[in-house]
Amino acid sequence: QVQLVDSGGGSVQAGGSLRLSCVATGTLYRASYMGWFRQAPGKERQGVAAIYMTGGSSVYADSAEGRFSISADGAKNAVTLRMNNLKPEDTAIYYCAAQWGPALGELLSPTSYSHWGQGTQVTVAS
């Protein structure tokens, strides 16, 4: 059974940095793509960044462009999100997601993913 284990959240001051990690276990097959999403209280889950596990092409939400960086290790089915210059509005639960097989849609859309991690809290204080 495939499971995504995400970790690395925490509390930082505005302007600080965090690194989130995610690894998929329970499969020998490389994921097609993996991504990071976040959900703040009372808001919808939104895509932050995503990456193809073969080739490494990535995409970012406007809010993440220039501050966040996503990288992947396809052989390990692992993805990392480095977040710099964090802002209070980045506060949310961050979820790792993955999809095997054909793409289901846009990489920053939650409906394009079939597997999800349990989430890790990121809190940015002003």
Side-chain angles (χ1 to χ4, degrees):
Q1 182 177 357
V2 175
Q3 288 189 320
L4 300 185
V5 180
D6 44 33
S7 62
S11 297
V12 296
Q13 295 290 321
S17 299
L18 283 173
R19 186 179 72 176
L20 305 183
S21 298
C22 175
V23 61
T25 63
T27 179
L28 296 177
Y29 298 98
R30 181 178 300 199
S32 299
Y33 50 87
M34 297 181 72
W36 286 96
F37 291 76
R38 67 187 184 187
Q39 188 166 19
K43 294 188 177 182
E44 293 185 353
R45 190 169 297 189
Q46 61 177 197
V48 175
I51 188 167
Y52 284 102
M53 301 304 282
T54 300
S57 179
S58 59
V59 61
Y60 296 89
D62 289 345
S63 59
E65 192 75 56
R67 299 188 300 127
F68 295 3
S69 177
I70 188 170
S71 60
D73 185 335
K76 296 181 179 179
N77 270 337
V79 64
T80 297
L81 183 70
R82 290 175 172 82
M83 305 185 293
N84 298 318
N85 190 23
L86 283 161
K87 305 175 181 180
E89 51 264 41
D90 294 319
T91 295
I93 300 175
Y94 283 69
Y95 297 90
C96 173
Q99 170 65 17
W100 281 259
L104 299 180
E106 296 183 1
L107 263 62
L108 293 181
S109 172
T111 59
S112 297
Y113 295 81
S114 58
H115 292 78
W116 292 86
Q118 76 282 5
T120 184
Q121 177 71 46
V122 170
T123 302
V124 184
S126 58

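These values consider heavy atoms only, across backbone and side chains, with no hydrogens, waters or symmetry-generated copies.
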**Item:** Transitive ILVMFWY side-chain link Val23 to Trp116, under 4.5 Å
**Value:**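 The answer is no; the residues belong to distinct hydrophobic clusters.
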
**Prompt:** Would a hydrophobic clustering, with Ile, Leu, Val, Met, Phe, Trp and Tyr connected at side-chain separations under 4.5 Å, put Met34 with Leu20?
**Reply:**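 Same hydrophobic cluster.
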
Which heavy atom of [X] sits nearest to which heavy atom of [Y], and what is that distance?
X: Thr91; Y: Val124; value: OG1-N, 2.9 Å
X: Val122; Y: Gly9; value: CG2-CA, 4.1 Å
X: Leu4; Y: Cys22; value: CB-SG, 4.1 Å
X: Tyr95; Y: Gly117; value: CD2-O, 3.7 Å
X: Gln13; Y: Ser126; value: OE1-O, 3.6 Å
X: Gly74; Y: Arg30; value: O-NE, 3.3 Å

**Prompt:** Under 3.5 Å, side chain of Gln39 to main-chain N/O of Ala92, donor-acceptor pair present?
**Reply:**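 Judged by distance alone, no pair lies under 3.5 Å.
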
**Asked** For the side chain of Ser112 and the backbone of Glu106, is there at least one donor-acceptor N/O pair under 3.5 Å apart?
**Response** yes

Taking side chain as C-beta onward, heavy atoms only, is [X] less than 4.5 Å from [Y]?
X: Asn77; Y: Val2; value: no
X: Tyr52; Y: Ser32; value: no
X: Leu108; Y: Gln46; value: no
X: Phe37; Y: Tyr113; value: yes
X: Tyr33; Y: Leu104; value: yes

Would you be so kind as to tabulate the donor-acceptor pairs closer than 3.5 Å made by side chains of residues 78-87, with sequence neighbours excluded?
residue: Arg82; atom: NH1; partner: Ser71; partner atom: OG; Å: 3.3
residue: Asn84; atom: OD1; partner: Ser17; partner atom: OG; Å: 2.9

Throw together a table of side-chain donor-acceptor distances under 3.5 angstrom for residues 53-63, partners on residues two or more places apart or in other chains.
residue: Tyr60; atom: OH; partner: Ile70; partner atom: N; Å: 2.8
residue: Ser63; atom: OG; partner: Arg38; partner atom: NH2; Å: 3.4

